[in-house]
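Because only heavy atoms are used, hydrogens play no part in the values below, and waters and symmetry mates are left out as well, while side chains stay in. Treat the numbers as computed from the prediction; the structure is a model and nothing was measured.
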Amino acid sequence: EFLERHHIPVYNEVTHTGVARHIYIRWGEVTEEIMVCLVANATHIPAEKELAAKLREADPRVKSVILNTNCEQTNVILGKRCRVLWGSASIEDVLCGIKVSLSPLSFYQINRRAAELLYEKAGQFAQLTKNDLLLDLYCGAGTIGLSMAHQAGRVVGVEVVPEAIENAKENARKNGISNAEFFCGDASEDVRRFREEGKRPTVVVLDPPRKGCDEFMLQNLTAMEPLRIVYVSCNPATLARELGYHFEQGVAVDLFGGTAHVETVIWMSKNKQNHLEK
């Protein structure tokens with residue numbers, strides 16, 4: 001109704017005309033906080049204050065109204081620029097007992113309860129002790145690494161999205177976790193740098209995008225000789241392609257009910273080990 005009233009045309013992907021591309025809603029299942037993000041082929045839209053007011057009137061749980069600008073000719077949903085129209089730049093939820101701040105560009109599993117099962121299994125596979133340095137690659141808002149921080153000596157997270165790294169640092173502060181640090185950068189380049197600096201993580205957690213990891217990163221990663229690699233994947237095909245260490249155990253978790261997609265988590269070891277107890 002708002003778009004029609006203010007004559008804001010819907011985006012046409014073929015002609016690259018129009019304004020409103022997507023309406024993206026993020027919900028904190030535990031906190032019930034809601035973020036509403038309009039993805040637009042523009043930097044401004046008419047009556048922005050009215051839009052924010054109408055959304056707050058429609059549902060008092062709305063804590064954040066965001067305009068995301070995506071003027072690229074692409075089928076990628078979100079652009080790189082976000083502007084707060086009202087409220088906060090992020091909302092909060094709880095995952096695996098960890099309070100997490102979520103900005104529009106931070107990755108977060110859409111099925112929270114199944115994600116807790118997935119990350120719990122990843123924690124079991126990691127077999128961490130206080131002597132371990134855990135390297136969390138493609139860490140997003142830090143949810144996996146922070147959920148394991150109490151078991152590890154130190155956690156280092158790497159993520160290419162700056163907003164996600166800011167969320168990860170904030171999440172560590174909110175939860176009183178002092179043994180985790182996060183770096184914004186490309187996983188391949190940072191792994192190379194860590195290797196050249198002589199860093200030797202004993203356990204590595206990977207949670208890459210659907211396309212998987214690149215060969216350069218994997219070569220540098222295995223050259224650091226971690227004892228265990230825990231690989232979380234939304235694409236079993238790229239996961240199978242990238243098995244390098246000894247495969248030990250794996251499990252699929254159905255985060256996407258009614259579809260053919262699953263999340264898979266496996267662990268690999270540098271030297272062949274006995275399987276964990278089920």
Side-chain angles (χ1 to χ4, degrees), residues 21-31 33-45 48 51-52 55 61-72 74-96 98-112 115 119 135-147 149 155-175 177 180-191 193 205-211 213 217 232 234:
R21 297 181 73 138
H22 303 278
I23 299 171
Y24 161 46
I25 299 172
R26 173 158 273 180
W27 174 52
E29 186 176 337
V30 173
T31 63
E33 293 182 359
I34 295 173
M35 171 185 289
V36 181
C37 178
L38 177 64
V39 183
N41 183 36
T43 57
H44 294 79
I45 60 169
E48 293 176 348
L51 173 61
L55 287 168
R61 296 176 299 175
V62 173
K63 302 296 181 186
S64 174
V65 181
I66 305 284
L67 182 70
N68 174 267
T69 297
N70 185 355
C71 296
E72 301 294 325
T74 176
N75 61 0
V76 174
I77 302 295
L78 294 170
K80 295 180 180 179
R81 289 177 292 169
C82 293
R83 184 163 57 87
V84 177
L85 302 185
W86 177 84
S88 61
S90 61
I91 62 170
E92 189 173 282
D93 200 15
V94 180
L95 184 70
C96 297
I98 300 293
K99 296 178 183 177
V100 290
S101 292
L102 301 167
S103 64
L105 302 183
S106 297
F107 174 77
Y108 194 56
Q109 294 285 7
I110 196 167
N111 186 331
R112 178 191 158 276
Y119 295 166
L135 179 59
D136 183 8
L137 297 175
Y138 313 96
C139 69
T143 48
I144 296 181
L146 292 175
S147 71
V155 176
V156 175
V158 176
E159 168 61 51
V160 73
V161 178
E163 294 84 355
I165 284 296
E166 289 307 309
N167 285 157
K169 292 177 179 179
E170 183 180 355
N171 293 336
R173 289 193 297 269
K174 279 185 175 180
N175 290 279
I177 296 172
E181 56 184 323
F182 297 94
F183 297 94
C184 184
D186 177 76
S188 295
E189 287 302 316
D190 277 7
V191 167
R193 178 170 60 83
V205 173
L206 302 170
D207 188 8
R210 184 167 292 275
K211 67 181 180 180
C213 307
M217 191 280 286
V232 178
C234 60

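Across all their heavy atoms, Asn167 and Ala141 have their closest contact at CB-CB, 4.0 Å. For the residue pair Cys71 and Ala42, the shortest heavy atom distance occurs at SG-N, 3.7 Å. The nearest pair of heavy atoms linking Gly140 to Glu159 is N-OE1, 2.9 Å. Between Ile45 and Ala40, the shortest heavy-atom contact is CG2-CB, 4.4 Å. For the residue pair Leu206 and Cys213, the shortest heavy atom distance occurs at CD1-SG, 4.3 Å. Taking all atoms of both residues into account, the shortest heavy-atom contact from Trp86 to Val62 is CZ3-O, 3.4 Å.
Between Asp207 and Tyr119, the closest side-chain pair of non-hydrogen atoms falls below 4.5 Å. Side chains of Val39 and Leu78 form a contact here, defined as non-hydrogen atoms less than 4.5 Å apart. Residues Tyr24 and Asn68 are not in side-chain contact: their nearest non-hydrogen atoms beyond the backbone lie 4.5 Å or more apart. With a 4.5 Å cut-off on side-chain heavy atoms, Ile34 and Ile91 do not count as touching. Using a 4.5 Å heavy-atom threshold, the side chains of Met217 and Leu137 count as touching. Under the 4.5 Å side-chain criterion, counting only non-hydrogen atoms from C-beta, Pro104 is in contact with Ile66. The side-chain heavy atoms of Glu166 and Ser103, taken from C-beta on, include no pair separated by under 4.5 Å. No side-chain heavy atom of Cys139 sits under 4.5 Å from any side-chain heavy atom of Val156.
Annotation: Glu72, atom CD; neighbour count of heavy atoms from other residues, nucleotides and ligands within 6.0 Å does not exceed 12.
A side-chain donor-acceptor contact under 3.5 Å links Ser64 to the backbone of Ser88. Using a distance-only test at 3.5 Å, with no hydrogens or angles considered, no donor-acceptor pair links the side chain of Arg112 to the main chain of Leu95. Between the Glu48 side chain and the Leu85 main chain, no donor and acceptor come within less than 3.5 Å of each other. Side chain of Asp186 to backbone of Ser188: a donor-acceptor contact under 3.5 angstrom is found. Within the 3.5 Å criterion, the main-chain N or O of Val76 finds a donor-acceptor partner in the side chain of Asn70.
Partners of Pro209 by side-chain contact (heavy atoms from CB on, under 4.5 Å), not counting sequence neighbours, listed by chain and number: Tyr138, Lys211.
To the nearest 0.5 Å, the span separating CG on Leu38 from CZ on Arg21 amounts to 11.5 Å. Taking CD1 of Ile98 as the start and CG of Leu146 as the end, the distance is 6.0 Å to the nearest 0.5 Å. One distance of note links CG of Asp136 with CD of Glu181; it measures 12.5 Å at 0.5 Å rounding. Note that CG of Leu67 and CG of Leu51 are 9.0 Å apart. Values are rounded to the nearest 0.5 Å. In this structure, Cys184 SG and Lys169 NZ are separated by 8.0 Å, a value rounded to the nearest 0.5 Å. For the atom pair CD (Glu163) and NZ (Lys80), the distance works out to 10.5 Å, reported to the nearest 0.5 Å.
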Step-by-step side-chain contact (heavy atoms from CB on, under 4.5 Å) determination, Asp93 to Arg26: CA-CA 10 Å; Asp93 200 15; Arg26 173 158 273 180; over 6 Å; no
Run the numbers on Arg83 and His44 for side-chain contact (heavy atoms from CB on, under 4.5 Å), then give the verdict. CA-CA 9 Å; Arg83 184 163 57 87; His44 294 79; 3.1 Å; yes
